[in-house]
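The analysis underlying the following values was restricted to heavy atoms, covering all of them including side chains, and did not include hydrogens, waters or symmetry mates. Bear in mind that the values here come from a model prediction, so they are computed numbers and not experimental data.
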Amino acid sequence: MPLRHRVLMYNKKKTKELEPLLQPSKQITASFHAELYKLIPVDHPLCKINEIVDFTFIHELVRSSYCEHYGRPANEPELLFRLLFLQVLYNLSDERIIQETQVNLAYKWFLGLNPEDTLPDPSQLSRFRNHRLGAGAVDEVLKSVVRQCIEKGLVKSKTIIVDSTYTLAVSPKQKPLEVLRDAAKRLFRIVVKKHPKLEKKLPRLPELKKDQEGAEKIMLHYLAELGETVETLLPDHEGSISEKIKVAKAIVEDERLLANKGIMSAIDPDARFGWKSNTKSFFGYKEHIAMTDEEIITAVEVTGGSTDDGNQFKELLNQSLDVGIEVQEVIADTAYSGKDN
């Protein structure tokens with residue numbers, strides 16, 4: 001059932017200040033406390049966003065992630081998605097966005113709740129983001145929003161601006177031995193946590209002396225053995241165990257690892273070194289972005305920090321064209337000035 005914004009309706013003529021909030025199809029259930037929503041400024045950014053973007057597309061996007069006939073009623077998908085939207089917009093953690101929304105009238109109104117309504121547990125956000133929505137749906141979310149912006153006439157330019165920014169990895173760079181040891185510990189720990197009876201069947205972590213010769217190869221062999229053992233004992237593994245096995249395999253199969261040029265973090269295996277400038281480096285990721293003159297992002301590609309900017313140009317252009325942007329001009333710096341581009 002689609003989320004409906006429900007604002008207290010009065011029999012008397014609505015005041016001019018409330019008109020942008022009182023949309024017939026998005027009304028908040030009559031509540032004595034809903035009168036507080038009159039305090040929200042009519043030019044508040046969330047009022048403008050809500051007027052332009054119809055978030056109901058999220059229902060179809062996550063439909064396959066829900067069972068329609070069994071189990072307890074799930075939290076409203078659009079409510080959770082709007083919470084994620086607020087979280088990104090205001091750069092808040094899962095716990096903090098719930099705390100802030102509980103006391104912020106504009107946030108509560110944007111979610112379609114009455115001021116006295118309670119909010120989901122913060123853990124619901126992580127579950128929705130990772131298991132209901134998933135990283136693969138981000139592109140579809142972007143396309144849906146951009147197409148609505150085009151339909152509402154917000155995009156008038158025929159120019160896109162292409163550039164990249166960077167994000168630091170969630171963990172610092174590690175040496176090969178640290179990568180191998182951490183990956184093994186994380187895999188061992190999650191298997192024992194979920195299947196305690198298997199602990200005695202798993203190979204034990206080797207005890208290595210400080211600066212022991214050949215320690216990296218010993219740990220590499222152990223990680224490979226541990227991964228094979230887990231797959232044999234748990235052929236139908238899934239969830240967090242599957243994630244840890246996938247990371248372990250990538251580390252074991254990385255031919256550049258022992259040369260200190262491959263995977264540099266067991267926690268964040270896709271992170272790589274990149275350069276902010278000729279003298280400053282970072283360890284993490286690059287976000288390659290295309291946007292219109294109106295500052296509406298039309299395409300995003302995320303890569304390791306070492307990736308060349310120019311190689312992402314074609315994909316960013318194609319993504320922008322696919323959502324309906326008419327492109328006659330592209331503005332970019334010299335990092336994109338390769339011959340093919």
Side-chain angles (χ1 to χ4, degrees), residues 93-95 122-123 125-127 129-131 134-136 166-276 280-287 302-308:
S93 66
D94 289 352
E95 291 76 15
S123 62
L125 293 178
S126 176
R127 189 172 295 112
R129 179 172 53 242
N130 296 321
H131 301 294
Y166 70 92
T167 299
L168 298 179
V170 297
S171 68
K173 174 184 176 296
Q174 296 176 305
K175 295 181 179 179
L177 182 58
E178 294 172 331
V179 173
L180 292 163
R181 183 185 285 117
D182 276 6
K185 286 182 177 179
R186 288 164 63 83
L187 177 56
F188 188 95
R189 192 182 304 126
I190 193 64
V191 172
V192 172
K193 179 180 179 180
K194 293 184 176 293
H195 304 278
K197 295 181 180 180
L198 296 181
E199 182 174 3
K200 295 182 179 180
K201 298 182 180 181
L202 298 175
R204 309 304 298 182
L205 186 72
E207 296 182 5
L208 302 173
K209 297 179 181 179
K210 186 177 181 180
D211 300 326
Q212 179 176 333
E213 185 178 354
E216 294 171 347
K217 292 185 178 179
I218 293 174
M219 191 58 68
L220 180 63
H221 176 76
Y222 170 74
L223 181 59
E225 181 185 3
L226 178 62
E228 292 172 359
T229 303
V230 172
E231 289 193 297
T232 300
L233 296 174
L234 298 171
D236 297 323
H237 57 77
E238 58 182 16
S240 54
I241 293 180
S242 293
E243 293 173 5
K244 301 297 187 298
I245 289 178
K246 182 179 179 181
V247 171
K249 281 185 175 181
I251 292 172
V252 170
E253 296 171 0
D254 186 355
E255 297 178 353
R256 293 159 51 98
L257 176 71
L258 299 185
N260 206 24
K261 295 181 179 179
I263 294 175
M264 301 177 184
S265 170
I267 299 173
D268 212 346
D270 295 322
R272 295 291 186 273
F273 262 110
W275 293 91
K276 307 176 191 177
K280 294 183 179 180
S281 64
F282 69 93
F283 179 61
Y285 299 87
K286 279 186 177 180
E287 290 86 42
V302 180
T303 66
S306 61
T307 304
D308 180 70

Mind listing the closest non-hydrogen atom pair of Pro269 and Ala266 along with its distance?
CD-O, 4.0 Å
Atom pair CG (Asp211) and NZ (Lys209), whose distance is rounded to the nearest 0.5 Å:
12.0 Å
N/O donor-acceptor pairs under 3.5 Å from side chains in residues 247-259, not counting sequence neighbours:
residue, atom, partner, partner atom, Å
Lys249, NZ, Glu231, OE2, 3.0
Asp254, OD1, Arg256, N, 3.0
Asp254, OD2, Ile263, N, 2.6
Arg256, NE, Lys261, O, 3.3
Arg256, NH2, Lys261, O, 3.0

Give the minimum heavy-atom separation between Phe273 and Ser281, together with the two atoms involved.
CE2-OG, 4.1 Å
Ignoring hydrogens, what is the shortest heavy-atom contact between Glu207 and Gln212? Give both atom names and the distance.
O-OE1, 4.3 Å
Are side-chain heavy atoms of Arg204 and Glu199 found at a separation under 4.5 Å?
yes
Just wondering, do Met219 and Leu208 contact through their side chains at under 4.5 Å, heavy atoms?
yes
Flag the pair Phe282 / Leu168 as yes when at least one side-chain heavy-atom distance between them is below 4.5 Å, and no otherwise.
yes
Find out whether Ser265 and Val179 are in side-chain contact, i.e. whether some heavy atom of one side chain is under 4.5 Å from a heavy atom of the other.
no
Rounding to 0.5 Å, atoms CG (Leu223) and CD1 (Ile218) come to a distance of 14.0 Å
Around His221, counting heavy atoms of other residues, nucleotides and ligands shown, do more than 12 lie under 6.0 Å from its NE2?
no
Compare all side-chain heavy atoms of Tyr166 with those of Trp275 and state whether any distance is below 4.5 angstrom.
no
Is any side-chain heavy atom of Phe188 closer than 4.5 Å to one of Leu202?
yes
Is atom NZ of Lys276 surrounded by more than 12 heavy atoms (other residues, nucleotides or ligands) closer than 6.0 Å?
yes
Return the minimal non-hydrogen interatomic distance between Leu187 and Ile190, and the atom names on each side.
O-CG2, 3.2 Å
Mind checking side-chain contact (heavy atoms from CB on, under 4.5 Å) for Asn260 and listing every partner two or more places apart, or none if nothing turns up?
Lys173, Pro176
For Arg181, salt bridge (charged side-chain N to carboxylate O under 4.0 Å, His left out) partners two or more places apart:
none
For the residue pair Lys286 and Val302, establish whether any side-chain heavy-atom pair is separated by less than 4.5 Å.
no
Looking at every non-hydrogen atom in both residues, tell me the closest pair between Leu233 and Lys201 and how far apart they are.
CD1-CB, 3.9 Å
Working to the nearest 0.5 Å, report the span between NZ of Lys246 and CD of Glu243.
8.5 Å
Quick one: closest heavy-atom pair of Tyr222 and Ala184, and the distance?
CE2-CB, 3.6 Å
Quick one, Val191 and Leu234 - any side-chain contact, counting heavy atoms below 4.5 Å?
yes
Would you give the length of the straight line joining atom NZ of Lys193 to atom CD1 of Ile241, rounded to the nearest 0.5 angstrom?
10.5 Å
I need the Thr303 OG1 to Arg272 CZ distance, nearest 0.5 Å.
10.5 Å
From Ser240 atom OG to Arg186 atom CZ, the distance as rounded to the nearest 0.5 Å
10.0 Å
Backbone N or O of Ser171 within a donor-acceptor pair of the Asp268 side chain at under 3.5 Å?
no
Between Thr307 (side chain) and Gly304 (backbone), is there a donor-acceptor pair under 3.5 Å?
yes
